[in-house]
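Please read the structure below before turning to the comments.
Counting starts at 1 for both ligands and their atoms, following the listed order.
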Amino acid sequence: MNTPVEVSANPLHSSEHDHQKCVSEALGTAEHLCVVRGVQLTPIRHQVLELIWESHKAVKAYELLDRIKPLQSAAKPATIYRALDFLIEQGLIHRVESLNAFVGCSSSGHQHEQLLLICKHCNEVEERPATEVMQALSQELDQAGFIVHSKAIEIHGICTKCVALYDEQDG
Ligand SMILES: [Zn+2]
Ligand SMILES: [Zn+2]
Ligand SMILES: [Zn+2]
């Protein structure tokens, strides 16, 4: 008899981790950074950040607008975009270019490059520092003499949790 395969717990998945902790840490860091930097985390910026942090899924701007409308009926797309621009500038969220969507950053306290693993099934995005990969890439870019403005690597596929789900369905 087969023993069930132990799927290594991915800290990202809400079913397997204390997401409230992710949220309170992210919001706490954001509030702290904004004070230190002397920038305003206005109520609307705070609200957008909180909505993005509802999960680790990539969220689109119009989805944020839909969710914010009941809270702030005056909110317009431009309001959301301005808040998103601010949050990106401050490194509190990342833009997922290939999806034109946004995800909260869990290491917003420092400047970093990121490798984003995007699950096509559940839409969750895992951020990994992938330091060695990024160093190798920087070397390559230096050799090419290419001036880099932004660098983010986005990989699409299926996360460990969804792989486990597929396995259950098959077996
Ligand atoms: Zn979480
Ligand atoms: Zn990040
Ligand atoms: Zn998934």
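- Proximity of E25 to S106: side-chain heavy atoms (C-beta onward) are nowhere separated by under 4.5 Å.
- Look at C162 and the Zn ion (ligand 3): an N/O/S atom of the residue is under 2.8 Å from the metal.
- The N, O or S atom of H17 with the smallest distance to the Zn ion (ligand 1) is NE2.
- When side chains are defined from C-beta on, V59 does not count as touching V103, because their heavy atoms never get closer than 4.5 Å.
- In this structure, the side chains of V125 and L117 stay at 4.5 Å or more apart for every pair of heavy atoms.
- Taking the Zn ion (ligand 3) as the apex, the angle formed with SG of C122 and SG of C159 is 120°, to the nearest 10 degrees.
- Geometry note: the Zn ion (ligand 2) is the vertex, E127 OE1 and C105 SG are the arms, and the angle is 100° (rounded to 10 degrees).
- The six-membered or imidazole ring of H56 lies near that of H17, with a centre-to-centre distance under 6.0 Å.
- Here the Zn ion (ligand 2) is the vertex; the NE2 atom in H94 and the NE2 atom in H112 give an angle of 110° (to 10°).
- For the pair R45 and F86, the cation-pi test (distance below 6.0 Å, angle within 45°) is passed.
- Looking only at its N/O/S atoms, H19 has ND1 as the one nearest to the Zn ion (ligand 1).
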